[in-house]
Amino acid sequence: MKKSEENLEFINVEITYNGKPVLRDLSYNFCKSAVTCILGPSGSGKTTLLRSLSRLNDRIRGFKVRGEVWVAGEEIYFNGVDVYHLRRKVGMIFQSPCIFPASVYENVIFGFKYHHPERKKEYPKIAERYLKEAYLWDEVKDRLHKPAQNLSQGQQQRLSIARTLAVEPEVLLMDEPTASLDPVSSDAIEKLIFSLKEKRTILLATHNIAQARRIADDIIFLYDGSIWEKGKASDFFERPVKEETRIFLEGGGSSPT
Amino acid sequence: MFSFLVPDRRCHADPMFWITVFFAGLVLLVAIIFFSYLIFESMPIWEQGVWAFLTSVEWEPAEDIYGAGAMIYGSFIVTTLALLFALPFALCGAVTASEFLSPRTRLVFKGAMEIMAGAPGVVYGLLGAALLSLWIKDFFGLIDGATLFTAGILLGIMILPTIMTLAEDAIHSVPGEYRDTALSLGLTPLQAFLKAVAPRALPGVIGAVLLGLGRALGETIAVMLVIGGLDIVPSGFDLFSPGQNIPSKLGREAAEAIGSGLHWNALLALGAVLFFGTMLLTGAGSWLLRRNKV
Amino acid sequence: MNRKMRDNILRGIIYLTAFAGMFMMVAVLWEVIQRGWPALSLEFLLQPSSNFGAEGGLLYQTLGTIILMAGAVLIGFPVALGSALFQTEYVRSEQVKTFFRAIIFSLNAVPTILFGLAGYLFFGVYLATGVSWLTGALILAIMILPTIQASIQSAIECLPEKYREVGMALGLTPWALARRVVLPQCWYGAVTGALLGLARAAGETAAIMFTAAAFSGATWPRSFADPVPTLQTHILVLAQDSADAVSQTNAWGAALVLLMIVFILILTSLVVRSRFSMEAQR
Ligand SMILES: Nc1ncnc2c1ncn2[C@@H]1O[C@H](COP(=O)(O)OP(=O)(O)OP(=O)(O)O)[C@@H](O)[C@H]1O
Ligand SMILES: [Mg+2]
């Protein structure tokens, strides 16, 4: 079975750690060029779901995926898939910004440099282009060659995003990207996400329901190890079908008990 | 079959992967060759009777009679002496550094200890042969200063910084809350240390001591120069008699026995005993140290 | 009041004992410096020895020690680095990691004299390299392997997992990860490991005394099969005959030179470790 080039889909997926299932009966076809928010109480498997899409858990022993995970026309847990190529197409942003101890410039082009060692002349242009795309250029253009660790947390997170954008992913996975930031920086990131979704499929795990309301097109609600409820953002927030979802939304994102 | 490796094809096609496999395999190979050599070459001796070899004190290469008793006794006595000598200084030093020195001074102190801990054995050997054995000879009115006692004291001085710095690590890694709680209850710093910190640091401190002992047990040159080199078990636990320990025996006789015959087998059997001893000490020691950390 | 006094007395005793311990360390240093210093001079350092090492300088001994320790690190370092990277970057099974750790650990526990015995037989007799500097360097390389590897590995294991994950998420292969993410941040572990390895190799006598060292007469090696004189064995020989005053001065001079070499190496490794491990952990 061949899938279309832009397809991002789970078909009957079960994910286990050491035989203990974390996610069951996972079937979902993600909308392209849209923001899909993944909601759910802590421990419901949001991070696991995101990481399974770029096979970041390969190093973890006891992690197993059954079923089919399709990314860009490929079943990615099929033996013989080039994971490194896959990870270029699927970028990941982590909860706390992770900056290498090097200059701002070196950080932006870090991934690009590795994948395109022959395009040395373009590095400065690439750096500028993606720093601009991450709305960071104006703030750092005078200190491109200063240590990136001196940037603020919010700037560091945008720098991580720029670094990921520079390898030109089609899908962007974001695991609570604003959880460790102040409100102003969060706002900046939300705006950025909004502008990014035109060309990329974005999956965003968040605990912040207000944030999901602001930027989500679609919602998946994970609960009790499976997709409990899903739908267009407007429907989801206005008319939640299930009892647990309502309690979760009313509790402001805390666990329904 | 290779499921213990990170799974993926392209990485296994990478030459750098195979280079690291090669080096890791080399390390494995060296270890296997070394340990099997030790076992196989000492076999003829063990076949003659393990207990007899360990307890007999007769070592007569000319008649092919080998007993390790004197060397084992010497190793035991010398290491025990080193421990008894070094312990009070090392522990008090560690307590002082960890609990009563300012962070700056502590760092300098620690650095000095770590540097001293790396001083070559042969320098201690020279000190022992040229100075310590003479002092001991004059002080106790002996005929010769090369005795078990001299070797023990010299080793004690030698492992002092090792034990001190490791024990200090163990004490210092006890979380500050224990100290603060005890202090807030009105205990003096010393009492706080004794009542709240010391019990928690104890396993790590014992680990430090065992590691130091492991080092003392295996030291060759320093001991060789001051122990006297006589394969006897002196009567009445006489410490001021010359003796012999295992490494010193190996160092003295390896050249003449080299390569073949029962004599060489006997030396390697001694070596196996020595390795077993150091392994036991350092194994237990670092297990305790690691347990202390988590 | 009574209690406080007891407290103070106990504290006094602890301080005094600690001080006595420190005093002993200083005394050790002082004896070596005070006795070795008169021997030190430019000629002493730059002249070959004569009269079986009892007179003359230390040129070839110092050279021999440096050749042996440099050779040991040149051989041992790549092996240790490769094997450390294999374990941290490619192995994911905890059991296999534990097994390798146990191997390294037991190699580290081997008394050095045993390396001397086994090494002489294996390299010197079976591989017929004889008593030579190459045999010595090989044996010392095996001896310092655990030191170097442990230093590299502990630095790598201190690297927060998040850096590795970012690299992975950007599509780096394990080797690219090692070269571009792990090593740039953990190089200090490799440097301290190499320095400590050098220091250990420089201070080691038992492992080389019948495999690599010539006691007198030898100069620098002209082939792989030549032995070298070393500071360590030089001191050992001179220490055994303590009657002659001149040879004693030479022995102390050699001890001081050796001690300085070792101390400088360890001190540098301490500085590197404390400076850069802090930087990497930020
Ligand atoms: N490496 C692992 N080994 C075993 N179990 C794991 C591992 N990682 C996660 N889990 C388990 O999988 C479940 C889902 O974890 P996950 O991190 O995906 O949740 P999450 O929804 O991201 O939570 P949070 O909102 O707190 O980030 C949890 O029960 C967790 O205990
Ligand atoms: Mg999570």
Side-chain angles (χ1 to χ4, degrees), chain B residues 4-6 10-11 14 16-17 19-21 23-24 26-28 30-31 34 37 88-90 92-93 95-96 111 114-116 118-123 125-127 129-131 157 160-161 164 188 190-191 214 218 220-221 225 247 250-251 254-255 258-259 267-268 271 274-275 278-279 282, chain C residues 7 10-11 14-15 17-18 20-22 24-25 28 31-32 78-79 82-83 85-87 90-93 96 100 103 106-107 109-114 116-118 120-121 125 142 145 173-175 199 203 205-206 210 232 235-236 239-240 242 248 251-252 255 258-259 262-263 266-267 270:
Chain B
F4 64 87
L5 295 174
V6 173
R10 198 164 118 193
C11 137
D14 183 349
M16 286 317 295
F17 168 72
I19 290 177
T20 66
V21 169
F23 283 136
L26 206 60
V27 174
L28 199 63
V30 166
F34 179 77
Y37 179 70
F89 301 111
C92 291
V95 172
T96 308
E114 273 175 38
I115 289 176
M116 280 307 286
V122 70
V123 173
L126 179 62
L127 276 161
L131 301 175
I157 299 175
L160 178 56
M164 203 185 304
T188 60
L190 181 65
Q191 289 300 323
T220 308
I221 299 298
L225 285 168
L250 296 179
I258 202 86
L267 286 182
L268 280 171
L274 181 64
F275 174 62
T278 50
M279 196 61 195
T282 52
Chain C
D7 208 276
L10 193 53
R11 211 163 143 167
I14 291 179
Y15 280 168
T17 321
M22 281 309 285
M24 246 181 312
M25 298 291 95
V28 166
E31 287 297 340
V32 178
V79 180
S83 133
L85 285 177
F86 176 71
Q87 285 158 64
Y90 292 107
V91 175
R92 67 168 179 175
S93 150
V96 175
F100 267 103
I103 291 285
S106 41
L107 275 182
V110 173
T112 55
I113 178 84
L114 291 185
L117 297 195
Y120 178 57
L121 210 69
V125 178
I142 296 175
L145 200 94
T173 59
W175 175 248
T205 315
F210 22 72
Q232 300 96 296
I235 300 169
L236 176 64
Q240 280 165 339
S242 51
Q248 283 299 289
W252 288 107
L258 183 64
L259 206 59
V262 172
F263 279 4
I266 300 180
L267 186 66
L270 287 180

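Note on naming: letters A, B, ... go to the chains in the order of the sequence lines (proteins, then strands), and numbering restarts at 1 for each one.
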What option among [options] has the most heavy-atom pairs under 4.5 Å with chain C?
{"options": "B/L131, B/T278, B/T188, B/L267", "value": "B/L131"}
{"options": "B/I157, B/I19, B/V95, B/L26", "value": "B/I157"}
{"options": "B/C92, B/G218, B/A31", "value": "B/C92"}

Chain C contact via [X] - side chain, backbone, both or neither, heavy atoms under 4.5 Å:
{"X": "B/L160", "answer": "side chain"}
{"X": "B/L225", "answer": "side chain"}
{"X": "B/T282", "answer": "both"}
{"X": "B/I221", "answer": "side chain"}
{"X": "B/F34", "answer": "side chain"}

Under a 4.5 Å heavy-atom cut-off, does chain B meet the side chain of [X], its backbone, both or neither?
{"X": "C/I142", "answer": "side chain"}
{"X": "C/F210", "answer": "side chain"}
{"X": "C/I113", "answer": "both"}
{"X": "C/V262", "answer": "side chain"}
{"X": "C/A199", "answer": "neither"}
{"X": "C/M25", "answer": "both"}

Heavy atoms, side chains only, cut-off 4.5 Å: are [X] and [Y] in contact?
{"X": "B/L250", "Y": "C/L114", "result": "yes"}
{"X": "B/L268", "Y": "B/Y37", "result": "yes"}
{"X": "B/T220", "Y": "C/P111", "result": "no"}
{"X": "C/T173", "Y": "B/M16", "result": "no"}
{"X": "B/F17", "Y": "C/L85", "result": "no"}
{"X": "B/M116", "Y": "C/F263", "result": "yes"}

Does C/Y15 offer a backbone N or O that forms a donor-acceptor pair with the side chain of B/T96 under 3.5 Å?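 Absent.
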Between C/A206, C/A251, C/G116, which residue shows the highest count of heavy-atom pairs closer than 4.5 Å to chain B?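 The answer is C/A206.
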Taking the ring of B/F23 and the ring of C/F86, is the distance between their centroids below 6.0 Å?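 So the answer is no for these two rings.
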Just verifying a value: how many Å separate B/E114 CD and B/M164 CE, rounded to the nearest 0.5 Å?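 Rounded to the nearest 0.5 Å, the CD-CE separation comes to 12.0 Å.
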Nearest 0.5 Å, please: how far is CG in B/L126 from CG in C/L259?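 CG of B/L126 is found 10.5 Å from CG of C/L259.
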